[in-house]
Amino acid sequence: MINIPKGTKDVLPEQSYKWQYLEDAARSVAAAFGLKEIRTPVFEHTELFLRGVGETTDVVTKEMYTFEDKGGRSITLKPEGTAGVARSFIENGLANSPMPLKSYYLTPCYRYERPQAGRLREFHQFGIEVYGSAQPETDAEVIFAASSFLNKLGIKGARLEINSIGCKSCRAEYNRALKEYFRPHLDGMCANCRDRFDKNPLRIIDCKEEACRKITAGAPKILDYLCPDCRAHFESVKGYLSALGVEYTVNPDIVRGLDYYTRTVFEFVSTAIGAQGTVCGGGRYDGLIAELGGGNVPAVGFAAGLERLLLLMDNTGVEFPAPPVPRVYVAGMDEPTRKKAFGIVNGLRVKGISAECDHMARSVKAQFKYADKIGAEYVAVIGGNELESGSCTLKRMRDGQTFDMPFADIYEFLKNNI
RNA sequence: GCGGGCGUAGCUCAAUCGGUAGAGCGCCAGAUUGUGGCUCUGGAGGUAGCAAGUUCGAAACUUGUCGCCCGCCCCA
């Protein structure tokens, strides 16, 4: 027996309607916000993620699915969606399209991690990317789009937390301040953070180790080190959010684990799905396009984890719309009547009505049971009498009411009886 | 990469002290000749994750291994 690879999940026929619901919601929100879909490959050159996501990040150093292809190229399955979109933006000269360029994606992503609640090795993201605008209202719009998406899904238990981690220049100053603060405490901190001290002191803020958290509590806050421009930008973003009635809390400890973020960062978090509470995360990444060899193009975006959203919805009792059912089941009895039922059903299908008939050589009674199980709205039986008269009775399963009509009228009847 | 928990039917789970495997749900068929849900009857379905070991005897005890789940880390 060969089983599914660790950290992956099958979406079975009985569950797939939930995924379709999520995806439909994503597409409809995207459409309303003027975002167009962009599809990029599932794998890219490894180099793209090294430069885009950041060589010191955990994602890059220990979580990527990297392999050499038969041509000797180093290839990596995308661990996130942004780098590929940025690459495509540059490669296709999209900087020459009318700005801002507003795009979204639905894609699987791959990270080699130990699976747990809300964390898989293959997972799916809905993300949006807006290129070209450095305006604070764009940040607010992106956050509002995320919020609208969650609302559309009926998700209530996700709290919005925002922060600003500044631009290159204020971050440099902040890093200096952090080092100054942490240096005398280094001995009491975890090995990980001692390592971060040199490579990326900002990341220490994010540490969950008890000892480190105590020390971090007194550390300087990035918000106190923002340059005037970044400060004004952050204030403006908050102002636009308030204008839209979006509730948020400023959490100065949000750092984000991907190196490309600048200025605004945000997360929608929930406590209802276990330890992996971030259901949607994003922010601004003004330096990414330049980092990847493109021009100086600012950008904002977010990514939402579809598995986590599904978990959250299931755990908080959010109702999914019922999956579609066959409008009608047509039963036959013997060779000629089964053939007639088969013809009627397929004729309806061609006209866009979902219809079903027997495939198991079952008795009429068993066909009824089956029709009931699959939720058919109406059932018709074609026997000798019906074949002769050219008409039949549709039985409405919900209440048992019956409707007589010629075969030829079934389509009209179903079309009008929603 | 590190910790903890758990592996018995498709699913959820039982089985006293070690005595040779069960229930509910689901699936299939039937309960007078052409009609669902409720009920009743019957049926199919198990290499007890796998492999060693202890024992007259292992689903149960021991070890190893694989898998899953949860947490750390990280992140969506």
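Throughout, a chain's letter reflects where its sequence line sits, starting with A, and its residues are numbered from 1. Every heavy atom of this structure was used, including side-chain atoms; hydrogens, water molecules and symmetry mates were not.
Comparing B:G36, B:G4, B:G34 by their closest approach to the side chain of A:D372 singles out B:G36. Comparing B:U35, B:G71, B:A76 by their closest approach to the side chain of A:R114 singles out B:G71. Among the nucleotides B:C28, B:C69, B:C73, the one closest to any side-chain atom of A:D58 is B:C73. Counting only heavy atoms from C-beta on, A:E386 has its side chain closest to B:G34 among B:G34, B:G36, B:C68. Listed nucleotides B:G34, B:A29, B:G36 differ in distance to A:N385; the shortest reach to its side chain belongs to B:G34. Side-chain proximity of A:V381 to B:U35, B:C72, B:A76: nearest is B:U35. When each of B:U35, B:C27, B:A76 is scored by its nearest atom to the side-chain atoms of A:K395, the top-ranked nucleotide is B:U35. When each of B:G36, B:G71, B:A76 is scored by its nearest atom to the side-chain atoms of A:A275, the top-ranked nucleotide is B:G71.
Atom CZ of A:F123 and atom P of B:C75 are 11 Å apart (whole Å). Rounded to whole Å, atom C1' of B:A29 lies 17 Å from atom OH of A:Y370. Regarding A:Y261, its OH atom lies at a distance of 10 Å from the P atom of B:C75, rounded to whole Å. Across the protein-nucleic acid pair, A:E14 atom CD and B:G10 atom C1' stand 13 Å apart, rounded to whole Å. Remark: P of B:A76 and CZ of A:F49 are 14 Å apart, rounded to the nearest angstrom. Atom CG of A:D358 and atom C1' of B:A29 are 14 Å apart (whole Å). At whole-Å resolution of the value, CZ in A:R121 and C1' in B:C69 are 14 Å apart. Regarding A:E63, its CD atom lies at a distance of 13 Å from the C1' atom of B:C72, rounded to whole Å.
No engagement by A:Q367 is indicated, since no non-hydrogen atom pair under 4.0 Å with the nucleic acid exists. Heavy atoms of A:L12 sit nowhere under 4.0 angstrom from any nucleic acid atom. Residue contacts for A:G400: at a heavy-atom cut-off of 4.0 Å it reaches a base atom on one of the strands shown. Using a 4.0 Å heavy-atom cutoff across all strands shown, A:V279 reaches sugar-phosphate atoms only and no base atom. Across all strands shown, A:A117 has heavy atoms under 4.0 Å from sugar-phosphate atoms exclusively, and none from any base.
OP1 and OP2 of B:C75 both lie 4.0 Å or more from every side-chain N or O belonging to A:K62. Contact between the side-chain N/O atoms of A:Q116 and the OP1/OP2 oxygens of B:G71 is found at a separation under 4.0 Å. OP1 and OP2 of B:A31 both lie 4.0 Å or more from every side-chain N or O belonging to A:K369. Under 4.0 angstrom from either OP1 or OP2 of B:C70 there lies no side-chain N or O belonging to A:R119.
Here the separation of B:A9 from B:G46, taken at their C1' atoms, is 6 Å to the nearest Å. Taking atom C1' on both B:C13 and B:C56, the two are 32 Å apart, rounded to the nearest angstrom. Rounded to a whole angstrom, the distance from the P atom of B:A31 to that of B:G37 is 13 Å. When the P atom is used for both B:G26 and B:G7, the distance is 25 Å, rounded to whole Å. Comparing the C1' positions of B:A48 and B:G42 gives an interatomic distance of 26 Å, to the nearest angstrom. Straight-line distance between the C1' atoms of B:A59 and B:U8: roughly 6 Å, to the nearest whole Å. With C1' as the reference atom, B:G57 and B:U65 are 25 Å apart, rounded to whole Å. Distance check on atom C1': B:C38 versus B:G45 gives 26 Å, rounded to whole Å.
Note on ring orientation: taking the six-membered ring where Trp is involved, the planes of A:Y181 and A:H185 are tilted (angle from 30° to 60°). Relative ring orientation between A:Y174 and A:Y225 is described as tilted, the plane-to-plane angle lying within the 30° to 60° band.
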Practice prompt. Apply the test ring pair (Phe, Tyr, Trp, His ring centres under 6.0 Å) to residues A:F182 and A:F197: give CA-CA distance (whole Å), side-chain angles for both, the deciding distance (0.1 Å), then the verdict.
Written response: CA-CA 8 Å; A:F182 283 123; A:F197 180 82; 7.3 Å; no

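The partner of B:G71 is B:C2, by the rule that a Watson-Crick or G-U pair needs both atom distances under 3.5 Å. Pair assignment for B:U32: none, as no Watson-Crick or G-U wobble contacts are both less than 3.5 Å. B:C38 is unpaired under the criterion used here, namely a Watson-Crick or G-U wobble arrangement in which both key atom distances are under 3.5 Å. With a 3.5 Å ceiling on both atom-pair distances, the Watson-Crick or G-U wobble partner of B:C61 is B:G53. Of all nucleotides present, only B:C11 satisfies the Watson-Crick or G-U wobble test against B:G24, with each distance under 3.5 Å.
Positionally, the nearest nucleotide of RNA chain B for A:Y112 lies more toward the 5' end than for the other of A:D399 and A:Y112. Residue A:I382 is the one, among A:G118 and A:I382, whose nearest nucleotide of RNA chain B lies closer to the 5' end (criterion: closest heavy atom).
With hydrogens and angles ignored, the 3.5 Å screen pairs a side-chain donor or acceptor of A:S242 with a backbone N or O of A:K238. Side-chain atoms of A:R111 come within 3.5 Å of backbone N or O of A:P79 as a donor-acceptor pair.
Of all the heavy atoms in A:Y285 and A:I128, the pair that sits closest is OH-O, 4.1 Å. In terms of heavy-atom proximity, A:T249 sits nearest to A:R159 at OG1-NE, 4.3 Å.
For A:Y378 and A:F413, the ring centers sit closer than 6.0 Å to each other.
Just one residue in the list A:H124, A:E23, A:Q125 forms a side chain to side chain contact (heavy atoms under 4.5 Å, CB included) with A:L106, and that residue is A:E23.
The base of B:C75 lies close enough to the side chain of A:R308 for a donor and an acceptor atom to sit less than 3.5 Å apart. The base of B:G34 is not paired with the side chain of A:K365 by any donor and acceptor separated by under 3.5 Å.
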